[in-house]
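Residues: numbered from 1 along the sequence shown.
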Amino acid sequence: ELRAGCYPRVVKNQRLGSDLTRTKKEMGSEGTGFEGNFVIPALVLVTVGVVLTLRHFAAPDVSLAVRVQLALSWTLSLSILALVPADIAATASGDEKSRPTLATLWDLSYWITFNLTWFVLPLHQIYEDAGDFTVTGRLLTSLKENLIFYAVLLGVALLGVVGLTANGAMTLTGVTSFSIASATSFGIVAGIFLLGYGVVEVPRTIWRSANIQKRPIQAYRKVGEVAAALRIAHRQLLKITTASETTNEVMPRNHDLRWMMRVIKAETPKSTDIRGGSSTPNQETNQETHEDDDHGGEYDYDYDETSDMVSLRRALKRKTRVYRRTAAQYVVAVRAALEAEAVLNASGLGAGGLGDRGCLMSSSSEKRFRNPLRAARVGRLAATLETAEWWWRCRVAPIALRVSAVALGFFSILTVWGETFMWTTQTMDGVDVSPFSAMLRLARGNNTGMHVAVIVPLGYMCFCAMFSLFRLGMFSFYSLVPGGTDSFSLLLNASLTCRFAAPLSLNFLMMVSGSIHEMSTGETYRNTVLQNRLASNIPKFANTFNAVFPAFIAVFCGALLWKGFLDKILRAFLKRDDSERFKFTNEDDDDDRDVHVTDGKRACDRERSEMNATGSVGDVWHVGKSNPYFVDLGVGVACGVTGAGADEDNRDAGVESRGLLTGRNDLGSRDDLESRAQRWERNKTRLANAVHRGAAGQTGLAGAGGALDSVFANLSGRR
């Protein structure tokens with residue numbers, strides 16, 4: 001037997017066994033140790049980060065139900081930063097005992113986020129936006145408005161059923177595989193475009209922010225943009241507030257739907273507060289109101305139908321939400337501009353320096369920085385802290401930002417490289433040129449190093465994709481504002497995060513699959529758990545598409561770097577309005593940049609003068625006092641109504657407690673056969689009667705006859 005060569009084979013097997021044992025010890029994964037060493041602490045850190053992020057962005061009026069759903073959605077989506085490294089480490093080390101645990105965690109994370117992003121969150125978004133007065137009514141409204149979305153899903157599902165039936169695979173496993181393949185392919189296609197924009201724009205944005213001299217100009221432009229948006233939001237809020245107050249005045253007190261009007265009244269800001277405390281709007285406001293009436297957006301002041309009250313309440317909620325978000329953006333933009341001015345002045349650079357290098361050669365005798373938005377420091381260490389802050393803001397921070405931009409630019413190149421040549425790993429066996437695979441090979445034998453080699457590139461890819469979502473023009477109605485983000489925007493962000501979490505994870509695993517196969521020491525499994533769960537349930541042609549399509553990222557990034565080339569392509573294939581919706585917002589593409597810079601600088605000058613005069617530094621809501629379109633709606637809006645209608649509200653206290661909001665007293669319409677023209681004439685008579693009563697001192701509408709006459713004229717002209 002020895003002569004036959006069996007002894008060398010036995011020795012070889014013993015060597016392989018000893019190598020396997022030694023590799024397991026080096027990877028630190030004998031048994032089930034890696035879950036406790038990494039996964040659980042990582043999940044705890046993700047949960048803590050989600051809670052802090054939610055507290056940072058959520059507005060005070062965001063409900064507990066929304067906060068709980070956001071925490072669940074974000075935690076499950078970001079759990080990939082813990083599960084992907086653990087999955088790769090377990091596969092590379094041959095730790096088969098941990099695979100059932102990982103499989104359970106992946107199933108929970110994937111299927112919960114799948115149902116959240118496609119079913120639960122879309123319903124919850126419209127539910128929060130609906131203006132119905134009952135839970136059932138808001139749910140029905142959400143279902144109706146999501147019919148188009150679900151119709152598209154149903155069409156795709158029917159195509160899948162036809163295909164599965166034709167192939168004889170119409171089983172539960174086949175339906176599951178089709179669902180996974182469709183969702184994954186959509187996520188990878190959309191995710192590649194988001195990733196491509198992010199890897200170009202993130203380093204560029206950080207590099208530009210390092211320029212102390214140009215930073216105030218960029219901040220002025222942002223202030224000018226937000227100030228223009230604030231003016232429009234203020235105008236729309238004033239219109240809907242006036243419509244709500246007028247409807248409340250003309251509606252009879254004993255009307256069947258009066259309880260709905262009381263709910264709307266309690267949610268309506270006072271128009272005198274929105275006008276800046278003046279009961280008579282100024283000439284500019286009157287002119288803007290007439291312009292709006294001429295260009296649509298009219299309100300008929302109807303109240304005989306439940307749908308009329310629902311429409312009024314929903315319009316009020318939307319306009320108030322948009323205004324609050326825009327006002328919060330204005331505060332953030334002004335504070336950033338004032339801080340940028342302070343840094344420029346403290347650096348001694350002035351208006352004609354040499355960029356950031358001028359800060360390094362500053363000859364200022366007093367190297368101390370005082371933040372204009374913070375009270376002056378006092379105490380023994382005040383001067384030391386101000387000096388340290390000067391050194392950080394004027395010397396260290398610009399260099400750190402430039403270094404970070406270069407480092408992230410290098411990571412962007414590696415990401416584009418890996419995505420472009422990922423198809424070689426999937427279609428050409430043994431060819432793996434991914435730089436992230438090389439990083440994993442270098443970390444082989446070091447469990448901590450392997451986790452870092454996965455978390456860093458995967459985290460950067462996720463950040464670039466999320467960064468792009470904030471810049472896409474079609475999401476202009478959705479933005480995250482510190483301390484002022486409404487429920488609708490938060491839920492939309494959670495839906496998008498859930499939608500791209502699993503596809504980005506699979507994309508990264510496919511990018512480094514060559515190194516995983518090479519390092520795998522297991523006897524049974526050579527793919528990660530997620531790949532077995534997703535790729536094994538996806539048809540071969542879909543897997544090939546998911547591997548080849550990411551190569552398009554190189555062309556997309558080249559078009560982004562070639563200024564204006566991508567916009568020309570969009571304009572060639574889409575209409576102008578559609579091309580603007582799918583266009584990423586960029587400072588260089590601002591046609592009114594000079595106007596916005598000028599307006600923003602004037603706004604900052606007024607804010608600085610106002611703060612210096614009133615001494616209200618440090619309170620964010622004092623920023624905006626000099627802006628005639630800025631109103632603080634954070635206090636007093638949801639607490640009830642004050643003024644002339646207080647006695648009426650006190651008499652009607654307990655409306656909700658008596659069950660009037662449960663739908664039992666919803667009398668709906670009076671006469672479905674009544675024509676709109678008859679309702680129009682009746683409402684004109686009611687408004688005229690309200691004016692006459694106001695002249696007699698009964699309703700508080702004295703002097704409003706001219707305004708109502710103009711309303712009649714404008715609305716009649718439109719009819």
Side-chain angles (χ1 to χ4, degrees), residues 16 19-20 23-24 26-27 29 34 80-81 83-96 99 102 106 184-185 188 191-192 195 199 410-447 449-462 502-554:
L16 289 175
D19 291 341
L20 176 60
T23 303
K24 286 183 176 181
E26 291 175 353
M27 298 296 293
S29 58
F34 82 95
I80 65 173
L81 296 177
L83 293 179
V84 171
D87 199 356
I88 293 177
T91 304
S93 63
D95 185 6
E96 299 181 5
R99 295 185 71 89
L102 284 170
W106 273 123
T184 303
S185 298
I188 287 180
I192 288 300
L195 180 63
V199 296
F410 178 72
F411 259 100
S412 295
I413 295 175
L414 295 182
T415 302
V416 175
W417 180 2
E419 295 284 356
T420 303
F421 295 101
M422 183 176 65
W423 61 274
T424 60
T425 305
Q426 302 296 317
T427 60
M428 299 172 61
D429 190 18
V431 179
D432 185 7
V433 295
S434 172
F436 298 142
S437 293
M439 293 173 58
L440 282 177
R441 294 188 186 96
L442 292 176
R444 183 175 185 178
N446 187 339
N447 197 22
M450 181 170 292
H451 286 101
V452 173
V454 174
I455 289 178
V456 173
L458 179 60
Y460 181 65
M461 291 170 60
C462 293
L504 284 176
S505 301
L506 180 61
N507 176 261
F508 180 81
L509 290 174
M510 294 174 66
M511 195 187 308
V512 299
S513 60
S515 60
I516 295 176
H517 293 166
E518 180 181 333
M519 294 186 298
S520 177
T521 57
E523 299 179 358
T524 305
Y525 301 100
R526 296 182 64 84
N527 283 329
T528 60
V529 175
L530 180 62
Q531 285 178 298
N532 286 335
R533 293 285 179 179
L534 295 185
S536 61
N537 288 318
I538 298 177
K540 184 176 181 181
F541 73 90
N543 277 324
T544 303
F545 174 80
N546 294 339
V548 173
F549 183 81
F552 182 73
I553 194 174

Over all heavy atoms of both residues, which pair between [X] and [Y] is shortest? Give the atoms and the distance, please.
X	Y	answer
R99	N527	NH2-O, 3.1 Å
S434	G418	OG-CA, 4.4 Å
P85	I80	CD-O, 3.7 Å
S515	L440	OG-CD1, 3.5 Å
A89	M450	CA-SD, 3.8 Å
M422	P550	CE-CG, 3.3 Å

Look up atom [atom1] in [X] and atom [atom2] in [Y], then write down how far apart they are to the nearest 0.5 Å.
X	Y	atom1	atom2	answer
L458	L509	CG	CG	8.0 Å
D432	I516	CG	CD1	9.5 Å
L504	L195	CG	CG	7.0 Å
L414	M511	CG	CE	10.5 Å
I455	C462	CD1	SG	11.0 Å
I192	F549	CD1	CZ	7.0 Å

Kindly indicate whether the side chain of [X], heavy atoms from C-beta on, has any atom under 4.5 Å from the side chain of [Y].
X	Y	result
N507	E419	yes
W106	D87	yes
Y460	S412	yes
M439	P435	no

- Message: Test of understanding: with side chain to side chain donor-acceptor pair (under 3.5 Å), list the residues that count as partners of T415, not counting sequence neighbours.
- Response: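 Side chain to side chain donor-acceptor pair (under 3.5 Å) list for T415, sorted by chain: empty.
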- Residue list, side chain to side chain donor-acceptor pair (under 3.5 Å) with T420, at least two apart or on another chain: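 If we apply the side chain to side chain donor-acceptor pair (under 3.5 Å) test to T420, skipping adjacent residues, there are no hits.
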- Qualifying residues under ring pair (Phe, Tyr, Trp, His ring centres under 6.0 Å), relative to F410, sequence neighbours excluded: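 Once residues adjacent in sequence are excluded, F410 has no partner under the ring pair (Phe, Tyr, Trp, His ring centres under 6.0 Å) criterion.
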- Message: Let's go through L102 and L530 carefully: what are the C-alpha distance in whole Å and the side-chain angles of both, what is the deciding distance for side-chain contact (heavy atoms from CB on, under 4.5 Å) to 0.1 Å, and is it a yes or a no?
- Response: CA-CA 9 Å; L102 284 170; L530 180 62; over 6 Å; no
- Could you check L83 against S505 for side-chain contact (heavy atoms from CB on, under 4.5 Å), going step by step and ending with a plain yes or no? CA-CA 9 Å; L83 293 179; S505 301; over 6 Å; no
- Query: Between F411 and F436, what is the ring plane arrangement, given parallel below 30°, perpendicular above 60°, and tilted in between?
  - Reply: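 Taking F436 first and then F411, their aromatic rings lie parallel (interplane angle under 30°).
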